[in-house]
Each structure stands twice: as C-alpha cells, then as structure tokens.
K.L.:
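A single structure is presented below for examination.
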Amino acid sequence: MPRYNPSVIEPKWQTYWDQQQTFATPHVPHGEKLYALDMFPYPSGDGLHVGHPEGYTATDIVCRAARMQGKSVLHPMGFDAFGLPAEEHAIKTGEHPRVQTEKNIDTFRRQLKMLGFSYDWSRELATTDVEYVRWTQWIFLQLYDTWFDPVQQKGRPISQLPIPAEIAAAGESSAAAYRDEHRLAFQSEAPVNWCPALGTVLANEEIIDGKSERGDHPVERRPLRQWMLRITEYATRLEDDLELLDWPTGVKALQRNWIGRSTGAEVDFGLVGTGQRTRGRDVSEPRPTGFPRKPDENTLRVYTTRPDTLFGATYIVIAPEHPFVGKLTTENAANAVKVYCDQAAAKSDLDRTELAKEKTGVFSGSYAINPVNGAQIPIWIADYVLVSYGTGAIMAVPAHDQRDFEFAQQFGIPIKAVVDPGEQVSVADREEILAGARVFTKHGMAVNSGHFDGLPTRDFQQKITAWLAEKGVGAQAVNYKLRDWLFSRQRFWGEPFPILHQLDDKGEKTGQVRAVEANDLPVDLPHLDDFKPHGRPEPPLDKGPDDWLYPVIDGVRYKRETNTMPQWAGSCWYYLRFIDPTNSQALVDPALEKAWMPIDLYMGGSEHAVLHLLYARFWHKVLYDRGVVSTPEPFQKLVNQGMILGENNEKMSKSRGNVINPDDVVQEYGADSLRLYEMFMGPLEATKPWNMEGVNGVFNFLNRVWRMIVDENVQSLCPHAAICDDAPTDAQNRILHKTIKAVTGDIAKLSFNTAIARMMEFTNFFTKQDRRPRVVMESLVLLLSPFAPHISEELWHVLGNKETLAYEPWPTYNDTLLVEDEMEIPVQLNGKVRCKLIVPTDADKASIEQLAHQNPRVAELLAGKQIVKTIVVSSSLINFVVKG
RNA sequence: GGCCGAGUGGCGGAAUUGGCAGACGCUCUGGACUUAAAAUCCAGUGGGGGGUAACCCCCGUGCGGGUUCGAGUCCCGCCUCGGCUACCA
C-alpha cells in the first residue's frame with residue numbers, strides 16, 4: 001500500500017534533516033558562495049499566511065539547487081520581534097511582551113519547519129534577543145560617534161570633526177555642543193507626530209492620510225525632544241549607488257522618488273515695510289561679497305526649481321512656522337495672522353490633505369523686492385508651503401504653477417505669464433495662458449522677462465542662475481524630499497537607547513549626555529509592573545525602577561534615556577548577524593563578513609520597497625564608512641514576490657473571509673504540494689489569485705511522479721516494474737536533456753512556473769514508457785528536489801540511494817542529445833501558415849526552399865500565383881510572398 | 001494629480017533576437033475500468049463556418065492607427081484595471 005502519503009514522509013525527512021544537520025552552513029564558504037536571504041517575518045499571533053511561503057519557497061529552490069551545483073549556501077531565518085502588537089497584548093493581559101513574542105516565534109518556527117525550508121536553523125535569531133539588542137545598541141553608538149564630512153562625502157569619527165577656532169576658543173562645552181550638532185544621531189525639539197491612542201510619536205512614514213499606519217488612529221503635531229538620524233546627509237550616495245544594484249526598476253524609482261532630489265536655485269528677496277527701516281535690494285544693488293551662506297535678517301530666501309519664471313513672481317509665500325512670520329506681520333494683519341497660524345498648527349496632516357481642494361492663507365502686510373526687476377510683491381502666509389522643505393518660503397508664479405495659480409485665483413492676486421507655450425497648445429489655450437487665465441507648467445519660451453525674452457526655458461534657467469550668482473542674490477541649489485529620520489518611540493517593547501543624561505544637584509537634566517560604554521552593553525529593558533500608557537508623551541520606561549533609571553558613574557548621577565528605538569532598528573542589520581550569529585566580540589567577524597557579503601538574492605514583499613530598504617542601506621553605508629563592513633551596498637539583487645489574492649480575487653483578509661491557512665493546506669495536501677502550487681501559480685513577481693483546484697492539480701502531478709517510480713501494487717516500498725537499467729533511448733534522452741536544460745535555466749531566471757511545466761511534460765512522457773531507465777528517473781528526482789524536497793528524498797531512497805540528495809551533483813545536459821534528424825516547419829503564404837513541411841534539421845535555406853517546391857501541397861497552394869519574394873528562416877519557417 | 005505594473009480561451013497562465021498564439025495546469029465533455037462510486041487511464045476542450053472523411057476556410061492576444069514578407073512582441077494615440085505616492089515649490 002505504498003501510496004504517496006505526504007503526512008508520513010514529510011515529517012520523516014524533516015526529522016532526518018534536523019538530526020543530520022543537513023543544511024548547516026560552513027563557517028567560511030569554500031568555493032563559490034551564495035547568500036540568499038528572505039525578509040524575516042514579524043511573528044504575529046496569526047501565524048504564517050500563504051504569502052510567506054511564496055518568497056521563502058523561491059529562495060529555498062535557488063538555495064537547494066545551488067548546493068547541488070557545489071556552492072556554499074548561506075540561507076538563514078530569524079524574527080523581527082519588537083513592535084506594537086506584543087506590547088498592546090501586554091497592556092491588555094499584563095503578560096510580558098517577551099512571553100507573547102516567544103510563543104509566536106515558536107508557532108512560526110514550527111510552521112516554517114513544516115514547509116521543509118533548508119534554513120541553517122543554528123543561525124536563528126530574533127531582534128529581541130538580548131545579545132542581538134546589544135549590537136543594535138552598539139550600531140547606534142557608531143551613529144552617535146559619527147559625523148558626515150560633506151567634502152569627502154563620508155561618515156567619520158566625531159573625534160576627527162574640525163572645531164572652528166572661534167568655537168574652540170569659547171571652551172570645551174561649546175566644542176561639545178558643536179560636536180553634538182554634527183553627530184548622525186542627534187536630539188531635536190522639532191514638532192513631531194504624536195499619536196495619543198498609541199501613546200507614541202510616529203515617523204512621517206508611519207502616517208497614512210493623517211492617521212497612524214498601525215491602527216488608523218488620529219495623529220496631532222507637538223514639539224517634543226526626539227532622537228533623529230541624519231539620513232539626509234547620505235541622500236546623494238543613497239541615490240547614486242542605486243545604479244550599482246540589480247533591483248527591479250520600479251523599486252529603484254520608488255527610492256529615487258522618496259529621496260526626491262530636485263535642482264533649482266535659492267534666491268534672496270529684500271524686505272520692505274516691516275515697520276523698521278530696512279533697505280530694499282534690487283538689481284542696481286549687487287552684493288559685492290557674493291551669495292552669503294545664510295541670509296541676513298532683512299532678506300527672505302526662497303527655493304525654486306523654475307528660476308526662469310522669476311519675472312512672473314507676483315507674491316511670496318512663507319510657511320506658517322517660518323521664523324520671519326512675526327517680523328513680517330504688520331499691526332493691521334496681526335490678528336488674522338495669529339488666528340491663521342494657530343489653526344495651521346492645530347491641523348493634523350489629515351486636515352491639510354482633506355482641504356487640499358481649497359487653498360488657505362493670510363496676507364502678512366509686508367512686501368518683498370524681486371531682485372530681477374525691483375518689483376514689490378506681497379508676502380503671504382499659507383500652509384501649502386512646508387517649513388521643512390527648501391527654505392520654507394517660495395516665490396509664487398501663478399501663471400506657471402498649479403498651486404500658486406489656485407491660490408492667486410482664490411485671493412485675487414495678479415497672474416503674469418512669462419512662459420509662452422507656443423505651438424504646444426491650441427491657439428485659444430495659448431491666448432488664455434498669455435492672458436493669465438490658464439496655468440501652463442511646462443517649458444516654453446520666455447516673455448515679459450526683460451532682456452531674457454525669447455530664451456527657451458532651459459537656456460534661461462542657466463543664464464538667470466549665473467546672473468543671480470554674479471549679483472550675489474542667488475545660487476544653484478539642491479533639495480531633497482527625504483527628511484531626517486525620527487528615531488525614537490515612546491513605547492516599552494523596543495531597544496533602549498544606550499544614552500545617559502547628566503543630572504545636576506536638583507535632579508534636573510544639564511543638557512550634557514554621554515554614551516554608555518560599549519563594554520557595558522546591552523542596556524536591557526527594566527522590569528515594569530504596569531505597561532499601560534498614561535496618555536502623556538513620557539515613555540513607559542520612565543516608570544522603570546530607580547536603580548535602572550538613575551545610574552551613578554564617577555560620582556555623577558545620570559538618568560537613562562527612556563525612549564526606545566523603532567521597529568526598523570533591528571531589521572536594519574540582521575543580515576550581518578546571520579553571518580556570525582554567536583560572536584560576542586564583534587557584531588560580525590570582518591573576515592566572515594568579507595567572505596559572505598553582499599547578499600546575492602534578497603526576497604521580500606514590495607511593501608518594504610522604500611523604508612526598510614532605505615534605512616538598512618543607510619546604516620550599511622555608515623558601517624561601511626566606519627570600516628565595519630566591506631561592501632558599499634548590502635543587497636545586490638532584490639526580488640519582490642507578488643501578492644497572493646483570495647479565491648475571489650480580492651486581498652486576503654479576515655474581514656473578507658478569504659484567508660487560506662498554510663496549516664490546512666499542508667494537512668490536506670502536504671508541504672510539497674503547497675510549495676509546488678505557490679510556484680506554479682504564475683510568475684513569482686505577479687499578483688495572482690489562490691485556487692484550491694490548482695493545489696489539487698499539483699498534488700495529482702506529485703502522485704503521478706510517485707506512481708512513475710514506485711510500485712503501488714506490492715506491500716513494501718519498491719521501485720516500479722518499469723524501472724530498469726537499460727540505457728535510455730534517443731527519444732528518452734531528448735526529453736530528459738530538454739528537461740534538464742529547461743529546468744536549470746528556469747531556476748536561474750526564477751521562472752519556477754515554467755520549470756514545473758517542463759517536469760510535468762517529462763512525467764507525461766515517461767508514464768507512457770514501459771521501460772524507464774533508473775538514471776533518467778534519478779535525474780528527474782534531482783531536478784524536482786528543490787521544489788518538492790520531501791517526496792524527492794523519498795523517491796531517491798526508493799531508487800536505491802542511501803544518503804540525502806541535498807548535495808548530489810545537479811544533472812547536466814548535453815546539447816547534442818537534443819537534436820532530432822528531422823523537424824517540422826510551417827510554410828506561410830503572405831505570412832499566414834498554410835501547411836507544414838518536414839525538413840532535415842541541418843537543411844540550409846536553399847534546400848528548404850527546394851523541398852518546399854517539391855512538396856505537392858505547397859505546389860498546389862502556389863499554383864497560379866506569382867512568387868514575389870521567398871523568405872526562409874533557418875530551422876524556423878518559410879514564407880512565400882505571392883500575388884494573384 | 002504623479003510614478004510603476006498589467007490587459008492573451010470558461011479560469012491561472014505559456015510563447016529566444018518580431019517567426020506555427022494558447023505550452024503546462026485547472027474546469028468541463030465523452031470513453032475505458034468498476035455491481036456502483038471514488039481513484040486511475042484514454043480522447044476532446046479559443047470562437048465561427050464548410051466537408052462522409054483524412055481535412056479545409058474565416059476571425060481571434062483591451063481599442064484605433066502605423067512599421068514589416070510576417071506583430072501578443074516594435075512605434076504613435078486612446079481605454080480599463082491594479083499597486084505605490086501625493087501641496088516637496
């Protein structure tokens with residue numbers, strides 16, 4: 001009764017692999033190495049969903065095939081285990097987050113093992129492991145100890161930061177403050193996104209439509225002291241180095257877009273009418289000293305990407321948070337401005353987005369002087385200008401910017417066209433544009449721009465930028481959408497910062513901080529009796545016991561930093577720890593790091609296309625600059641597996657009731673069928689719907705393979721009677737070698753669905769053969785083993801082999817065995833297939849043409865027609881172009 | 001609004017440099033085996049038309065043009081769906 005029974009053979013081989021440590025990775029690779037990494041999961045309480053095994057199976061196939069091809073393979077798995085759900089569970093139940101987290105990890109580990117992935121489990125880690133936290137904190141100290149040298153474009157030790165003489169002269173505390181200003185990890189008082197429901201501050205990236213990404217709670221803005229990471233310093237390198245990477249172009253585009261590099265010019269506008277006597281500045285008053293690094297108090301600096309439209313600027317807008325708001329507001333306008341700015345401050349991002357249809361703003365009462373023509377234009381305050389981008393102030397050119405146009409129309413501000421669209425639009429549209437009744441944002445030709453008239457936009461931009469620079473009122477400038485990374489959270493279940501705040505005699509913070517010594521790491525989480533958030537922004541760690549909270553070093557009393565790191569922290573570097581997971585002396589042994597990095601294949605969902613990958617690349621570059629790692633980029637090749645939809649073609653979700661549970665599928669069909677089905681559904685990167693009939697289809701295929709090799713009519717497990725030691729026939733060899741070639745190539749292309757189709761064709765052929773040579777069956781089993789490892793091991797065993805097939809040499813193909821003597825090619829008339837022709841495989845063009853004419857059917861088709869031209873494609877087709 | 005991706009049978013999907021559209025699987029239909037069913041095996045399965053028949057003809061890869069002996073594939077212009085993103089001057 002040896003029917004194919006996955007529920008017996010799968011656990012059997014999983015136990016075997018475990019006991020034999022089949023997939024233990026050598027410490028140092030010998031020969032060619034492959035580092036294939038899955039984005040590690042967050043161990044949620046729901047367990048694995050069917051999306052996880054998709055990418056995991058793909059990398060597992062690549063790894064298993066690579067081992068058989070003689071490569072040293074590093075294929076580890078771990079858990080991204082800090083984060084909100086465990087903490088929320090703790091708040092509800094009082095159970096420590098670590099307990100819940102470990103339960104969830106146990107479930108995930110069981111499920112992953114059930115699927116037969118060839119991970120080296122001895123390297124398993126969780127970001128919550130105390131020893132792991134130690135090195136996360138260590139990296140933070142590296143960030144804290146690093147400043148970015150803009151000249152070398154490189155992070156360097158803070159001890160090498162040149163201190164300007166005037167600061168050095170002011171004493172060590174000035175120098176210390178100067179250093180703190182330059183560290184990659186620094187504290188800031190900027191307004192942050194405070195989410196009362198979660199009791200935490202969130203990064204911009206964690207807010208969607210003004211609500212928290214997690215939980216969909218409202219978010220408000222508050223000024224708070226936070227830790228920030230200076231990722232913006234690395235913007236240029238993060239963008240440029242994308243070129244080095246074998247990533248999907250879409251993901252590269254997303255990263256570029258997120259970094260958001262834009263080039264333009266900064267331009268200084270002089271101020272008038274601020275009540276005090278200020279000197280206006282115009283064309284006649286160039287600055288002899290050139291464009292200053294920082295504008296003086298009588299100058300408003302704006303950023304524009306369209307300096308060619310300077311002559312069309314009819315007003316200025318500054319952000320409600322701009323430092324000049326108070327200074328520029330006249331007495332008459334004071335009330336209105338105060339009301340407006342208060343409203344803007346209270347607005348959440350949601351409000352700002354929702355009200356996007358209607359622009360709001362208020363006139364400050366002051367005017368600025370346009371440096372190109374001396375025109376005095378009003379200064380408005382409006383929240384469509386962001387204080388955090390550019391200079392927080394813009395020159396508004398309503399004729400050529402959509403937002404400015406809407407604003408000007410709403411407030412009756414003049415609209416002056418300075419770009420002529422010419423032939424690009426209809427005559428009527430052009431007239432409207434030139435009359436200021438319609439907005440035109442593309443390039444064109446300059447008009448109403450003094451002696452620049454007639455210049456195409458691009459030339460004008462160069463000329464005006466040079467002109468501005470010459471007069472000292474402007475300069476070319478680059479801006480990024482990317483902001484510094486808000487790195488602290490007011491939660492319990494995260495890594496504590498290894499930072500101490502010095503306290504004075506009264507127990508107040510002096511403002512001086514010191515890093516915890518690397519030898520004293522890790523800073524472990526303290527015991528807390530109560531996890532409940534109190535609704536104030538002070539972190540839960542403030543409730544930690546005094547002996548943890550207030551260390552004394554050299555007689556000085558300190559208070560620990562009580563913010564914790566965001567969940568991103570642990571996932572920023574886990575790939576390095578897998579290389580050397582138990583090293584207690586270093587984050588990773590440099591020799592091992594050099595041997596295994598970079599990651600050759602990184603597989604995961606496209607939801608991490610921007611943030612995780614950008615943050616990890618940033619940390620990696622800092623570690624690279626500091627000599628900890630040897631490659632400028634961590635993830636050489638990236639692949640996003642597509643989303644798996646429910647059977648109704650909708651996203652899987654509990655509320656839609658269309659969730660497929662891997663446990664159920666494995667119970668009914670086995671892990672091999674689940675793996676095979678997920679690979680057979682369609683292209684790896686495509687979004688595709690689940691279909692249980694399809695699972696049954698691949699299950700049938702595995703049964704057919706089983707019956708091709710195993711004799712089901714006898715009691716014991718032995719080979720099918722058709723299995724023989726004959727040499728394969730030519731026809732059998734052709735199918736075999738065709739299959740080896742196709743499957744090998746398809747695995748390299750990650751085209752697993754077609755590889756499986758080829759093995760199905762093989763099986764369809766050989767189940768009809770009465771003699772099935774053992775060597776041929778063995779080759780098929782080896783080809784199938786990366787996809788369906790359990791059944792393959794079992795069949796390998798049935799065929800008389802004693803050892804695991806995991807390190808058997810991968811089958812090779814012989815091209816000469818593929819060719820047939822004859823082949824059938826189509827005969828076309830005017831490109832339409834009319835009949836088929838049998839020709840020798842090695843026939844040249846002339847003989848194919850000759851054979852075609854000799855063929856009675858072809859002669860019949862050509863009868864009474866004039867042949868204009870004959871096209872022969874060698875070993876492909878023949879096409880007659882005919883008339884009549 | 002912006003960026004990216006995709007439209008091929010009843011369904012999931014295949015198709016080197018442009019070269020036989022629909023591989024492979026599912027579904028469905030018919031047949032064999034069986035007391036019967038399941039399982040298995042065999043055959044058929046894009047639409048339409050013609051022939052007793054081996055066969056033959058027409059249409060067909062979202063829509064409309066174009067290039068070419070030949071277009072699912074290349075070019076131009078649209079439509080639809082999905083994902084991401086959104087006042088970044």
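Each chain gets a letter, A, B and so on, in the order its sequence line appears, and its residues count up from 1.
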K.L.:
Should the side chain of Glu685(A) and the base of rG5(B) be counted as holding a donor-acceptor pair, with the cut-off at 3.5 Å?
P.N.:
no
K.L.:
Do Arg306(A) and rA89(B) have a side chain to base donor-acceptor pair shorter than 3.5 Å?
P.N.:
no
K.L.:
Would you say the side-chain atoms of Ser262(A) and Asn479(A) include a donor-acceptor pair closer than 3.5 Å?
P.N.:
no
K.L.:
Using the test side-chain hydrogen bond (donor to acceptor under 3.5 Å, both in side chains), find all partners of Ser388(A) that sit at least two apart in sequence or belong to another chain.
P.N.:
Arg483(A)
K.L.:
What protein N or O atoms touch nucleotides 41-44 of chain B N or O atoms at under 3.5 angstrom, if any, and at what distances?
P.N.:
residue: rC41(B); atom: OP1; partner: Arg704(A); partner atom: NH1; Å: 2.8
residue: rC41(B); atom: OP1; partner: Arg707(A); partner atom: NH2; Å: 3.4

K.L.:
Applying a 4.0 Å non-hydrogen cut-off, can you work out what Asn879(A) is touching in the nucleic acid: base, sugar-phosphate, or nothing?
P.N.:
base
K.L.:
Establish, with yes or no, whether the OP1 or OP2 oxygen of rA14(B) is under 4.0 angstrom from a side-chain nitrogen or oxygen of Asn753(A).
P.N.:
yes
K.L.:
Enumerate, atom names and distances included, each donor-acceptor pair closer than 3.5 Å involving a side-chain atom of residues 735-743 of chain A, sequence neighbours excluded.
P.N.:
residue: His737(A); atom: ND1; partner: Asn814(A); partner atom: N; Å: 2.8
residue: Thr739(A); atom: OG1; partner: Ile735(A); partner atom: O; Å: 2.7
residue: Lys741(A); atom: NZ; partner: Asp815(A); partner atom: OD1; Å: 3.1

K.L.:
Just by distance, with hydrogens left out, do Gln410(A) and Glu406(A) show a side-chain donor and acceptor under 3.5 Å apart?
P.N.:
no
K.L.:
Without hydrogens or angle criteria, can the side chains of Gln461(A) and Asp308(A) be said to hold a donor-acceptor pair below 3.5 Å?
P.N.:
yes
K.L.:
Can you list the stems that RNA chain B is part of, where a stem is at least 3 pairs in a row, each Watson-Crick or G-U, with both distances below 3.5 Å?
P.N.:
B:1-7 with B:79-85, B:10-12 with B:24-26, B:28-32 with B:40-44, B:46-50 with B:55-59, B:62-66 with B:74-78
K.L.:
Just to verify, what does Arg261(A) make a side-chain hydrogen bond (donor to acceptor under 3.5 Å, both in side chains) with, not counting sequence neighbours?
P.N.:
Tyr480(A)
K.L.:
Restricting both atoms to N or O, compile the protein contacts to nucleotides 50-57 of chain B shorter than 3.5 Å, with distance only.
P.N.:
residue: rC57(B); atom: OP1; partner: Arg834(A); partner atom: NH1; Å: 3.4

K.L.:
Measure NZ/Lys836(A) against C1'/rC20(B) and give the value in whole Å, please.
P.N.:
5 Å
K.L.:
Return no unless some side-chain N or O of Asn700(A) is found under 4.0 Å from OP1 or OP2 of rU40(B).
P.N.:
yes
K.L.:
Which is more 5' along RNA chain B, the nucleotide nearest Gly260(A) or the one nearest Thr687(A)? Just name the residue.
P.N.:
Thr687(A)
K.L.:
Tell me, please, which residues at least two apart from Lys749(A) pass salt bridge (Lys or Arg N to Asp or Glu O under 4.0 Å).
P.N.:
Asp746(A)
K.L.:
With sequence neighbours excluded, tell me which residues meet side-chain hydrogen bond (donor to acceptor under 3.5 Å, both in side chains) with Glu849(A).
P.N.:
none
K.L.:
Met759(A) has an atom CE; how far is it from atom C1' of rC24(B), in whole Å?
P.N.:
12 Å
K.L.:
Take the protein atom OH of Tyr389(A) and the nucleotide atom P of rA89(B), then report the distance between them rounded to whole Å.
P.N.:
4 Å
K.L.:
Go through the structure and list residues passing side-chain hydrogen bond (donor to acceptor under 3.5 Å, both in side chains) with Arg704(A), not counting sequence neighbours.
P.N.:
Asn764(A)
K.L.:
For Trp690(A), which residues count as a ring-ring contact (aromatic ring centres under 6.0 Å, His included) partner, sequence neighbours excluded?
P.N.:
Tyr677(A)
K.L.:
Considering every strand and a 4.0 Å limit on heavy-atom distances, what is the contact class for Glu824(A): base, sugar-phosphate, or nothing?
P.N.:
base
K.L.:
Could you work out, with side chain to side chain contact (heavy atoms under 4.5 Å, CB included) as the rule, every residue matching Pro683(A), not counting sequence neighbours?
P.N.:
Ala686(A), Asn753(A)
K.L.:
What residues, two or more places apart in sequence or in another chain, satisfy salt bridge (Lys or Arg N to Asp or Glu O under 4.0 Å) together with Glu860(A)?
P.N.:
Arg857(A)
K.L.:
Do the side-chain N or O atoms of Lys832(A) get closer than 4.0 angstrom to the phosphate oxygens (OP1, OP2) of rC59(B)?
P.N.:
yes
K.L.:
For rG12(B), does either OP1 or OP2 sit under 4.0 Å from a side-chain N or O belonging to Lys688(A)?
P.N.:
no
K.L.:
With C1' as the reference atom in both, quote the distance from rG22(B) to rG13(B) in angstrom, rounded to an integer.
P.N.:
10 Å
